[in-house]
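Presented below is the structure to which this report refers.
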Amino acid sequence: MSTMQATTVRCPHCGRTNRVPVAAEGRPRCGHCKQPLPWLVDAGDDDFTEVAERADVPVVVDLWATWCGPCRMVSPALEKVATDLAGRIKLVKVDIDKSPRLARRFEVQAVPTLLILDRGETVARQAGAAPAPALRQWVEQSLTARKG
């Protein structure tokens with residue numbers, strides 16, 4: 001995978017569209033208003049290391065499947081958390097059916113399974129869907145506990 005791959009993100013502050021690399025150092029900022037951008041990307045077996053494990057911000061990993069109803073319900077909540085915590089986290093979505101090695105590696109027994117990685121190390125894990133406020137609280141508590 002090349003770090004030149006990018007996704008398009010609309011700035012929640014000014015509404016401008018920005019290209020955000022799927023893997024990069026630092027934290028993405030809006031080219032217009034300079035505010036932090038939500039960092040939402042997809043990854044799979046071949047690019048997970050580059051996209052998620054080498055990130056210098058904490059990464060929330062959503063291990064999901066297209067056939068999973070709760071996965072589809074939690075996705076907008078996770079995107080809201082990523083937007084609310086823009087500049088502090090990166091959200092990486094992994095379709096377990098397309099990424100069986102990652103599903104085995106993280107011993108996914110149920111979807112959605114959510115992980116928080118800090119420089120590639122799993123610091124928190126939970127299975128099942130939850131509303132955005134509960135997810136945000138879980139993310140923030142996990143990050144605070146990590147800084148300890």
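With sequence neighbours left out, Asp45 forms a side chain to side chain contact (heavy atoms under 4.5 Å, CB included) with Ser99, Pro100, Arg101, Leu102. Applying the side chain to side chain contact (heavy atoms under 4.5 Å, CB included) criterion to Glu79, with sequence neighbours excluded, gives Leu40, Ser75, Leu91. Remark: Lys80 engages Asp84 in a side-chain hydrogen bond (donor to acceptor under 3.5 Å, both in side chains) (not counting sequence neighbours). Residues that satisfy the salt bridge (charged side-chain N to carboxylate O under 4.0 Å, His left out) test with Glu53, not counting sequence neighbours, are Arg105. Judged as a salt bridge (charged side-chain N to carboxylate O under 4.0 Å, His left out), and not counting sequence neighbours, Glu107 has no contacts. Among residues two or more places apart in sequence or in another chain, the side chain to side chain contact (heavy atoms under 4.5 Å, CB included) test is passed with Arg54 by Thr49, Glu50. By the salt bridge (charged side-chain N to carboxylate O under 4.0 Å, His left out) test, Arg27 is found to be paired with no residue, residues two or more places apart in sequence or in another chain being considered.
Legend: ring pair (Phe, Tyr, Trp, His ring centres under 6.0 Å) pairs involving residues 5-42, not counting sequence neighbours: none detected. For residues 112-134, no residue pair satisfies the ring pair (Phe, Tyr, Trp, His ring centres under 6.0 Å) rule, not counting sequence neighbours. Judged as a ring pair (Phe, Tyr, Trp, His ring centres under 6.0 Å), not a single pair has a partner in residues 67-100 (not counting sequence neighbours). Screening residues 90-125 for ring pair (Phe, Tyr, Trp, His ring centres under 6.0 Å), with sequence neighbours left out, gives Phe48-Phe106.
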### Task
Go through the steps to decide whether Asp95 and Thr66 satisfy the test side chain to side chain contact (heavy atoms under 4.5 Å, CB included), and finish with yes or no.
CA-CA 7 Å; Asp95 181 339; Thr66 56; 3.6 Å; yes
Show me the donor-acceptor pairs within less than 3.5 Å that the side chains of residues 114-122 make with the rest of the protein, sequence neighbours left out.
unit_1	atom_1	unit_2	atom_2	d
Asp118	OD2	Arg146	NE	3.3
Glu121	OE1	Arg146	NH2	3.1

